[in-house]
Amino acid sequence: MTLFLYNTMSRTKEAFTPLDPARVGMYVCGPTVYDRAHIGNARPVVVFDVLYRLLKRLYPQVTYVRNITDVDDKINARSQERGESIGVITERTTQLFHQDVAELGVLPPDHEPRATAHIDLMIAMIERLIAKGNAYVAEGHVLFNVPSMQDYGALSHRTLDEMIAGARVEVAPYKTHPADFVLWKPSPAELPGWDSPWGRGRPGWHIECSAMSRRYLGDTFDIHGGGQDLVFPHHENELAQSVCANGAPFARYWLHNGYLMVEGEKMSKSLGNFFTVRDLLDQAQGEAIRLTLLSTHYHQPLDWTAEGLKSAKAALDRMYLALRNAQDVQAQDPDQALTPILAALEDDLNTPLAIAHLHELTGALNKAEDEDVKAKAKGALLAAAGLLGLLLQDPEEWLKWQPQAGNSGLSDAEIDGLVQARIDARAARNFAEADRIRTVLTESGIALEDGPKGTSWRRG
RNA sequence: GGCCGGGUGGCAGAGUGGUUAUGCAGCGGACUGCAAAUCCGUGUACGUCGGUUCGAUUCCGGCCUCGGCCUCCA
C-alpha cells in the first residue's frame, strides 16, 4: 500500500515518498501557551497524532516535532492583566496542555522545542537573511523583504497584488513593501527581550518555526502540518524565510486540517459557544472527544455539536460492550483484518471510513460464536482501533465511568447491592420487585443487561 | 472585492460514471419472565438549472446557498 496525502502546495492528493525512508520527519505547529487549549486547538493535535501513529507503523523511524510558542504578545498581555510573570503562565499552561492532550490519547512528540530556548538560532537565521538581501533593518525592526522571494505566495496560492489589494491593516511606515513582515522587533524594558545585533528585542511570530524545524529536522523535511488558518500568513512566511535563509527546499508535503465550528456557528467567546478541552473532559471521556474529532475527515470543516459527542460516546459504548462480552476470550493476532483500515488511513487519513470499518469489526465480534473466530475478531477490533488511538481502556472502566464533577448518582457499591437484590428477587420469581429495582436504577442512568453469565450494568 | 472549500437518506458522515457505505434514530421479527444488550430484516439520499455520455449523485458550466482566509486566530 502507498500512503497518499493531500498537499496544500499542489492542491492534489500525492503519493508520499519520504526524503529518507529510514527516517521520516514531521513538524506541526503547537500551542501558544497563554490559556487552556480549546476544542479547536485539539483538532490538529489529534489529527496529526493519527498521522504520527500511521507513519510509525509504515516507517522504521519517525521524528515528530511539535513546538511550544512561549514568546508572544498574547502571553505578554495576559501577564499584564493577571499581574503574573510570563514564566509562570507559560510553564503552567504547558503542563495543562500536556494533561489535556494526554487524556485525548495523544502520544507525546519526539521533540517539543520551546521558542525561548532557541532565540540564538533565530538571530542567526535573521542574520543570514540580512546577509543574503532578503531582510533589512528599519527603526529597530528587522523585516523580511517579500519582493526578494521569487515564489512568495506559492503555498497560499495568491499573488502579491492580491495581498496588497486585500490588506486590511495599515502598513507600518518603516516597511519598504506593504507585505513585508517582522522577523525581529524591539522590546521595551517591561517586555521580554533578548540582546541582538539590532538591540534588545524579541522575535516575530514566524521565525521560531523556521529555526526550530531546521534544528530538529534539517533544511528540507517531509511533512509540515497545522490548521488551515495558518496557511497564510504563518506558513507562507515560514516557507519564505526558510527557503531564503537555507537556500534549500523546505517542507515537501503541507497538510492542513479544516476549521472547527460549534453547533453550526464559528466558535467565539462572544457567542458563548467557546469550549476548552477541559470543559469537555469534565462531561465526557477523552476517547469520546477524540472519536468525535476523527468522525469528520480532517480536511473538511468539523461542526462540533453536543449531539455529535453523544453519538461518539454511544459508538464507543457499543464497541466496549462487545469487548466486555468477549472479556474471557484471549485476543488473537489480527492477520489481514487490518487491511481495510490501513487502506482507509493511507488514503489521505480517511478516518471516517476507518471508523466505519471499526463498526463492522464490532459487528463481527458480536456475531462470532466459536472461540477461535471470536479471538480473531477481538484481536482485529483492538488492533484496528489502536491505529486510531481508540479502545485503549478496560471495558469495565469505560462502561462504569461517570463525570468527576457534579455526580450525585449512585456509587458502584450501591449499584452492586441493588443489582444483587434484583438477582435474588428474580431467583425467587418476584418479578414485581425485580422490575421495581431495575426502574430505580434506570432512573439513575444505570442500564442493566441480563446475559447467560449473569447481570452486568453500565452508566448511560 | 480577490482566493478557497462545502451542499449526500430523519441525523451524523464516507464514497462512486451503471452494482450494499457505516453508525444512530424509526419500523418488523428473534432472543428475554418483561426489558436491555445482541442478532436478522427494512428506507423514495445525493442543492438547483443546463451540458457531455448509452447512462451522472459522481465529469463540465451557470445559478442558489453555507463557511473559511485575505498580516500574527489551530
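Quick caveat: nothing in here was measured; it's all calculated off a predicted structure. Only heavy atoms go into these numbers, but all of them, side chains included; no hydrogens, no water, no symmetry mates. In the text below, chain A, chain B and the rest are named by the order of the sequence lines, each starting its count at 1.
- Counting all heavy atoms, side chain and backbone alike, A:Ala375 lies closest to A:Val329 at CA-CG1, 3.5 Å.
- A:His256 comes within 4.0 angstrom of no nucleic acid atom, judged by non-hydrogen atoms across all strands.
- Using a 4.0 Å cut-off, some side-chain N or O of A:Thr296 falls inside it from OP1 or OP2 of B:G13.
- Applying the 4.0 Å criterion to OP1 and OP2 of B:C40, one finds that A:Lys367 has a side-chain N or O inside that range.
- Between the P atoms of B:A25 and B:A37, the separation comes to 8 Å (whole Å).
- Of the C1' atoms belonging to B:U20 and B:C60, the separation is 29 Å, rounded to the nearest Å.
- The side chain of A:Leu230 lies closest to B:A74, out of B:C69, B:G13, B:A74.
- Heavy atoms of A:Glu360 sit under 4.0 angstrom from primed sugar atoms or phosphate atoms, though from no base atom.
- The distance from atom CD1 of A:Ile437 to atom P of B:A35 is 19 Å, rounded to the nearest whole Å.
- Atom name C1', nucleotides B:G47 and B:G5: the rounded distance is 16 Å, in whole Å.
- For A:Arg158, taking side-chain heavy atoms from C-beta onward, the closest of the listed nucleotides B:A37, B:C70, B:G15 is B:C70.
- If you check B:C69, B:C34, B:G15 against the side chain of A:Asp450, the one that comes closest is B:C34.
- The side chain of A:Arg422 contributes no N or O atom lying less than 4.0 Å from OP1 or OP2 of B:A36.
- Contact check for A:Leu349 versus A:Tyr6: no side-chain heavy atoms found under the 4.5 Å cut-off.
- When rounded to the nearest whole Å, the span between OH of A:Tyr298 and C1' of B:G13 equals 17 Å.
- Between A:Lys74 and B:C73, a side-chain N or O to OP1/OP2 separation shorter than 4.0 Å is present.
- Using a 4.0 Å heavy-atom cutoff across all strands shown, A:Leu321 reaches sugar-phosphate atoms only and no base atom.
- Here, B:U8 and B:U44 have their C1' atoms 15 Å apart, quoted to the whole Å.
- With rounding to whole Å, A:Leu358 atom CG is found 14 Å from B:A14 atom C1'.
- Taking atom C1' on both nucleotides, B:C49 is separated from B:U65 by 15 Å, rounded to a whole Å.
- The nucleotide B:G1 finds its pairing partner in B:C70, both defining distances of the Watson-Crick or G-U wobble pair being shorter than 3.5 Å.
- In the set B:U38, B:A14, B:C69, the nucleotide with an atom closest to the side chain of A:Asp229 is B:C69.
- A residue-by-residue look at A:His359 and A:Arg11 shows that A:Arg11 has its nearest nucleotide of RNA chain B further toward the 5' end.
- The same atom, C1', is picked in B:C24 and in B:U16; the two are 24 Å apart, to the nearest Å.
- Backbone-only engagement by A:Gly226 is indicated by non-hydrogen atom pairs under 4.0 Å involving sugar-phosphate atoms exclusively.
- Using N1 to N3 plus N6-O4 or O6-N4 for Watson-Crick, or N1-O2 and O6-N3 for G-U wobble, each under 3.5 Å, B:G50 pairs with B:C60.
- Here B:G13 presents its P atom at 16 Å from NE2 of A:His299, a figure rounded to the nearest Å.
- Distance from the side chain of A:Ala356 is smallest for B:U22 among the nucleotides B:A37, B:C24, B:U22.
- You'll find a donor-acceptor pair under 3.5 Å spanning the side chain of A:Asp435 and the base of B:G33, going by distance alone.
- A:Thr351 contributes a side-chain N or O that, together with a main-chain N or O of A:Leu294, makes up a donor-acceptor pair within less than 3.5 Å.
- Pair check for B:G10 finds B:C24; Watson-Crick or G-U wobble, both atom distances under 3.5 Å.
- Separation of the C1' atoms belonging to B:G13 and B:G29 is 29 Å when rounded to the nearest angstrom.
- Checking B:A37 for Watson-Crick or G-U wobble geometry (two distances, each under 3.5 Å) identifies no partner in any strand.
- Across all strands shown, A:Leu260 has heavy atoms under 4.0 Å from base atoms, whether or not it also approaches the sugar-phosphate.
- Between A:Tyr259 and B:C69 there is a side-chain N or O to OP1 or OP2 distance below 4.0 Å.
- You'll find that the side chain of A:Lys185 is closest to B:C72, out of B:A37, B:C72, B:G23.
- Separating the CG atom of A:Leu353 from the C1' atom of B:U20 is a distance of 14 Å, rounded to the nearest angstrom.
- Atoms CE (A:Met261) and C1' (B:G5) sit 12 Å apart, rounded to a whole Å.
- The partner of B:G43 cannot be assigned: no Watson-Crick or G-U wobble pair with both contacts below 3.5 Å exists in any strand.
- By the ring pair (Phe, Tyr, Trp, His ring centres under 6.0 Å) test, A:His297 pairs with no residue at all, sequence neighbours left out.
- The two atoms that bring A:Tyr136 and A:Lys175 nearest to each other are OH-CA, 3.4 Å, heavy atoms only.
- Between B:G43 and B:A21, the distance separating the two P atoms is 10 Å to the nearest Å.
- Ranked by how close their nearest RNA chain B nucleotide is to the 5' end, A:Phe431 and A:Tyr34 are led by A:Phe431.
- Counting only N and O atoms by type, the side chains of A:Asp73 and A:Trp205 include no donor and acceptor under 3.5 Å apart.
- Side chain A:Arg426 to base B:G33: a donor-acceptor pair is found below 3.5 Å.
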Next item on the list: Verify salt bridge (Lys or Arg N to Asp or Glu O under 4.0 Å) between A:Asp435 and A:Arg422, making sure each step is shown before the conclusion.
Entry: CA-CA 8 Å; A:Asp435 289 352; A:Arg422 177 170 167 276; 5.2 Å; no
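- Side-chain atoms of A:Tyr152 and A:Val243, non-hydrogen and from C-beta on, never get closer than 4.5 Å to each other.
- Comparing B:G15, B:A74, B:C72 by their closest approach to the side chain of A:Trp205 singles out B:C72.
- The distance between atom CZ of A:Arg438 and atom C1' of B:A35, rounded to the nearest whole Å, is 4 Å.
- A:Arg36 has no carboxylate O lying under 4.0 Å from a charged side-chain N of A:Asp279, or vice versa, which leaves the two without a salt bridge.
- Checked against B:A36, B:C70, B:G67, the side chain of A:Glu449 finds its nearest nucleotide in B:A36.
- Here the P atom of nucleotide B:C69 and the CG atom of A:Asn237 are 17 Å apart, to the nearest Å.
- Distances shorter than 4.0 Å separate some side-chain N or O of A:Asn366 from OP1 or OP2 on B:C39.
- For A:Gln300, the listed nucleotide lying nearest its side chain is B:G5; candidates were B:A37, B:A74, B:G5.
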